[in-house]
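Working notes for the structure below.
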Amino acid sequence: MSAAAFPHRVCPATGLKVSTKAESLIKVNAVVAVVSLLVGAIAALLLVLTRWQAVHLLPAVWYYRILGVHGMNMLIFFIIYFEMAVLWFASTVLLNSRPATPRLGWFSFFLMIAGSALVEWAQWSGRADVLFTSYPPLKAHPLFYLGIILFAVGALTVVGIFFATLVIAKREKTYEGSMPLVVYGAATAAIIAVITLLHGALIYIPTFLWSLGLIKTVDPEVYRLFWWALGHSSQQINVAAMVSVWYLLSALTIGGVVLNEKVSRSAFVLYVLFISMASAHHLLVDPGFSSAWKIVNTSYFMYMAVLASMIHGFTVPAGMELGMRLRGYTDGLFGWLRRAPWGDPGFSAMVFSIVVFGFVGGITGVTLGTEQINIIAHNTLRIPGHFHATVVSGTAMAFMGVTYYVLPLIFQRKVAFWKLAKIQPYLFALGMLLLSMGMTFAGSFGVPRRHWDISFSQAPFDVPFNPAVDLVLAVMGIGGILAVTGALSFIAIAVKSVFFGEPVGTWQTGTDVVGIPQGLTRPPVHAANVDELNEKLHDPARGIAAATPGTLVLVGVFLVAFIVYYFTNWKLLSFLWRVG
Amino acid sequence: MLTKVHTGLDPVPGVWWKPAHKAEKVWVAIAFAWCMVLFAMMPLWHWKGGQNPSGVRRRVDPQKFFARTMEFAKQYKIGDDRGIPIVAPPVGAEVYLTGMTFQWYPILQLQAGAKYKLHMSSLDMNHGFSLFPMNINFQVVPGYDYALDVTPTAAGDFRIICNEFCGIGHHTMVGRVIVVDASGKPVADNASAVVRDREAK
Ligand code: HEM
Ligand SMILES: [Cu+2]
């Protein structure tokens, strides 16, 4: 059982072996992720102040340019660099292992940096005013496409090293039995990443050649098909990574348990199986595809990926509830929630991530992705309203939450500006919720996304929007300002902690320490007789609601909200002109 | 038959394929049933519902499509507005609409309650057809003819917003659709239809 010797330190909090080489790779990727977040957040502020028509800050050219910058820096760079850090972390630290080939890891990292630098240059210099989707025949400078290709090759290599590390850990027996659920989830994210990035290669290489003039055309519809096989499947990477982070934070903050490995792991497998169909819901009102194709694909073959998310949506909170109950928080339906550590930013970020992702992002996503309902949503502000509740409030917020643990555990620094850190998740979540709802309502009035001027002052015909639009855009604007404040606070905390932070040192278990999350100062350990307690809670004589009654109520509320929202949209659709 | 209590950070010794507890089974069953409802709604709406994005779709040469649109406009032109022809095709006709940077061509005049076959395509970039204030949206892709049966429900003066980014003048791309009722109202060049007067500025 003795692992091969490799340079490492032993984490005082968890007892895990932290490989020195992997640790530096985790650090650089996390730092670049935060830098991208900074660029993206400044862009976000400028955008939100432009779309808020009463403010209308940027001139047209800069609005479209900054929109491209925001999409690229947030959705691609911030998220993917962070995921690289997650892959290094999950395959080495959580498995007590050394990384497979750290040198190739550094090479991939610099490849990704070179790629990002080319993209930034092309966008800021106005050579790629094509937004991040770059639908042909819109054409950007060749180096823009090359930059994306380099970035993707680098990322793909890191995914390869991740798998190699899993093999090493298995062979060197750094852990016993099956890998932990969190690593399993990260592995599904990595498998999806391979499928996704291959689609990316399939479309960006011809487009690159086209921009060089080497091939004559790229079919716009085929491009959209493949681009979204990259663009949306990659969202499934984010979902799998986010759900893994939920399980991780739930364990660290409140001792959340895994109810049943079979159920949770099968749900991850469903993500992998149905992922390449994800492209379709971007093409529901496109001319290139038949209805049968659209229906089968947009539903990921009968909503099997939705089923997977609904399963996690139960097992994660139920695992939290059970973990808390087993630690003695048994009062009432929701005592476990009320008495949870709401002042631990890792915990609050996780809860908001779950709630906003599920209730807002998930419900709107399934509804908008319905073949016919898409007619009243396609390319309106309802779409960014939806995904700022999924990838932003869900994935980005989960990543922020886990950072509060990465700072002391990996960077070995106390979390700076501790008071601010405690409220940061609240600020970001509230802001995002308002932004997302403002966009969604504006979109319901037909306000388009990606549009500089909805007063249409330079258009030949007027478009008199309902006056309520001004109101909901103001909600979006205020929400956006709050969210950007939340994001900038996060950046300030991360940068201060990493570069000027106080070393964590040692601490006394059971006393609060400023700058160290509660999950570390008061680790949520389970009592020795926990299996016995668990057996008792699950006694069949006590009925099915005995172990996790609170969660059953919550998922019931969720289901009702889902049903109401879904059928309301069908009703709205039925008022339109007849189209077919 | 429960697994030993553990978190997602612990490796799992032995076999993890163990039966789930009742509550999880019930939730998975409910979720599965709901997924089937979600799925069934789409074919059902094709069968019973009035709004479907199906239509006829075929590849077309963008230049040829635009030529066809101009021919159509010439054939049924009844006036013009801002230099763009107003075209009133007969009930049931094949209707052509071309998106180009940064204009929708031509202006259509349709009759409420009548059915038309609306062909949409683009001369250059991707465009987004967004009928205001109905909020009906379709993607308009160069090289593809998207032909949908449409039946306007009530008279009015409608706009077509372009809602796919097509270049720097994207936000100026607005078209017009007039739907008249049996008494011919509103008329095409009707001043009560709020149309911005550029010359007046
Ligand atoms: C920090 C707070 C944020 C604010 C206030 C914000 C706000 C906005 C606004 C106003 C738009 C423009 C919508 C339009 O005009 O069509 C936008 C677009 C977008 N945002 Fe954000 N955003 C934030 C964070 C993020 C994050 C963290 C991500 C990704 C992880 C993200 C991904 C996107 C994407 C992909 C687009 C679409 C770009 C396009 O249409 O080309 N945003 N956001
Ligand atoms: Cu446009």
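In what follows, every chain begins at residue 1, and chains take the letters A, B, ... in the order their sequences are listed. All values below come from the heavy atoms of this structure, side chains included, with hydrogens, waters and symmetry mates left out. This is a predicted model, so every value here is computed, not measured.
Listed options B:Gly175, B:Gly169, B:Cys166, B:Ala147 were ranked by heavy-atom pairs under 4.5 angstrom with chain A; first place goes to B:Gly175. Ranked by heavy-atom pairs shorter than 4.5 Å toward chain A, the options B:Val141, B:Leu131, B:Val26 are led by B:Val141. Among B:Lys22, B:Lys117, B:Met125, B:Gln103, the residue with the largest count of heavy-atom pairs under 4.5 Å with chain A is B:Met125. Ranked by heavy-atom pairs under 4.5 Å with chain B, the first of A:Glu221, A:His526, A:Lys294 is A:Glu221. The candidate with the highest count of non-hydrogen atom pairs below 4.5 Å against chain A, out of B:Asp149, B:Val150, B:Thr153, is B:Asp149. Chain B forms the most heavy-atom pairs under 4.5 Å with one residue out of A:Ala251, A:Ser178, A:Gly256, and that residue is A:Ser178. Among A:Leu131, A:Leu67, A:Asn374, the residue with the largest count of heavy-atom pairs under 4.5 Å with chain B is A:Leu131. Ranked by heavy-atom pairs shorter than 4.5 Å toward chain A, the options B:Ala40, B:Ala20, B:Gly8, B:Ala154 are led by B:Gly8. Counting heavy-atom pairs closer than 4.5 Å to chain A, the top-ranked of the candidates B:Gly143, B:Gly128, B:Ser130, B:Pro142 is B:Pro142.
Atom CD of B:Gln51 and atom CG of A:Leu576 lie 5.0 Å apart (nearest 0.5 Å). Rounded to the nearest 0.5 angstrom, A:Leu138 CG and B:Asn126 CG are separated by 7.5 Å. In this structure, OG1 in B:Thr172 is found 7.0 Å from CD in A:Gln458, a value given to the nearest 0.5 Å. Atom CG of residue B:Leu9 and atom CG of residue A:Leu16 lie 8.0 Å apart, to the nearest 0.5 angstrom. Annotation: the span from A:Leu307 atom CG to B:Met36 atom CE amounts to 7.5 Å, rounded to 0.5 Å. Note that the CH2 atom of B:Trp27 and the CD1 atom of A:Ile544 stand 12.0 Å from one another [nearest 0.5 Å].
Side chain of A:Asn260 to main chain of B:His21: no donor-acceptor pair is present (N/O by atom type, distance under 3.5 Å, no hydrogens or angles). Using modelled atom types, no side-chain atom of B:Asn163 and backbone atom of A:Pro448 make a donor-acceptor pair closer than 3.5 Å.
In this structure, the portions of A:Ile563 lying under 4.5 Å from any heavy atom of chain B include both its backbone and its side chain. Using a 4.5 Å cut-off between heavy atoms, B:Trp45 touches chain A through backbone and side chain atoms alike. Proximity to chain A (any heavy atom under 4.5 Å) is shown, for B:Val140, by neither the backbone nor the side chain. Contact annotation for A:Pro540: neither backbone nor side-chain heavy atoms come within less than 4.5 Å of a heavy atom of chain B. Neither the backbone nor the side chain of A:Leu283 comes within less than 4.5 Å of any heavy atom in chain B. Using a 4.5 Å cut-off between heavy atoms, A:Ser266 touches chain B through its side chain atoms alone. Proximity to chain B is absent for every atom of A:Ala267, based on heavy atoms less than 4.5 angstrom apart. Both the backbone and the side chain of B:Leu38 have a heavy atom closer than 4.5 Å to some heavy atom of chain A. Using a 4.5 Å cut-off between heavy atoms, B:Ile107 contacts chain A through its side chain alone, with no backbone atom that close. Only the side chain of B:Ile30 comes within less than 4.5 Å of a heavy atom in chain A; its backbone stays farther off. Neither the backbone nor the side chain of B:Pro133 comes within contact range of chain A; no heavy atom of the residue lies under 4.5 Å from a heavy atom of that chain. Neither the backbone nor the side chain of B:Arg58 comes within less than 4.5 Å of any heavy atom in chain A. Neither the backbone nor the side chain of B:Met120 comes within contact range of chain A, judged by heavy atoms closer than 4.5 Å. Using a 4.5 Å cut-off between heavy atoms, A:Phe567 touches chain B through its side chain atoms alone. In this structure, chain B has heavy atoms under 4.5 Å from both the backbone and the side chain of A:Asp286. Using a 4.5 Å cut-off between heavy atoms, A:Val447 makes no contact with chain B at all.
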(request) Could you go through the ring pair (Phe, Tyr, Trp, His ring centres under 6.0 Å) check for B:Tyr116 and A:Trp577 one step at a time? (result) CA-CA 12 Å; B:Tyr116 301 85; A:Trp577 292 6; 9.3 Å; no
(message) Test side chain to side chain contact (heavy atoms under 4.5 Å, CB included) on A:Phe456 and B:Phe132; report intermediate values, then the result.
(response) CA-CA 13 Å; A:Phe456 292 92; B:Phe132 175 89; over 6 Å; no
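For the pair A:Val61/B:Ile168, a side-chain contact is recorded, criterion being any heavy-atom separation below 4.5 Å from C-beta on. At least one side-chain heavy atom of B:Pro53 sits under 4.5 Å from a side-chain heavy atom of A:Glu371. Counting heavy atoms from C-beta outward, A:Asp219 and B:Tyr144 have side chains that approach closer than 4.5 Å. Taking 4.5 Å as the limit, some side-chain heavy atom of A:His451 sits within range of a side-chain heavy atom of B:Ile161. Contact annotation: the side chain of A:Asn534 approaches that of B:Val5 to within less than 4.5 Å [non-hydrogen atoms, C-beta and beyond]. Side-chain contact between A:Leu284 and B:Gln139 is absent, with no heavy atoms from C-beta onward closer than 4.5 Å. Side-chain atoms of B:Lys115 and A:Arg578, non-hydrogen and from C-beta on, never get closer than 4.5 Å to each other. Taking 4.5 Å as the limit, every side-chain heavy atom of A:Tyr63 sits out of range of all side-chain heavy atoms of B:His171.
Across every non-hydrogen atom of B:Gly167 and A:Tyr64, the tightest pair is O-CE1, 4.4 Å.
In summary, B:Arg159 and A:Asp462 engage in a salt bridge, as defined by a charged side-chain N under 4.0 Å from a carboxylate O. At a threshold of 4.0 Å, the pair B:Glu164-A:Arg450 counts as salt-bridged, since one of the basic side-chain nitrogens sits closer than that to a carboxylate oxygen.
With B:Glu24 as the partner, the side-chain contact (heavy atoms from CB on, under 4.5 Å) test is satisfied by one option alone out of A:Thr548, A:Ile311, A:Val263: A:Val263.
The six-membered or imidazole ring of A:Tyr135 lies away from that of B:Phe165, with a centre-to-centre distance of 6.0 Å or more. Residues B:Trp34 and A:Tyr566 place their aromatic rings such that the two centres sit under 6.0 Å apart. Ring-centre distance between A:His378 and B:Phe129: not below the 6.0 Å cut-off.
Around atom CD of B:Glu94, more than 12 heavy atoms belonging to other residues, nucleotides or ligands sit under 6.0 Å away.
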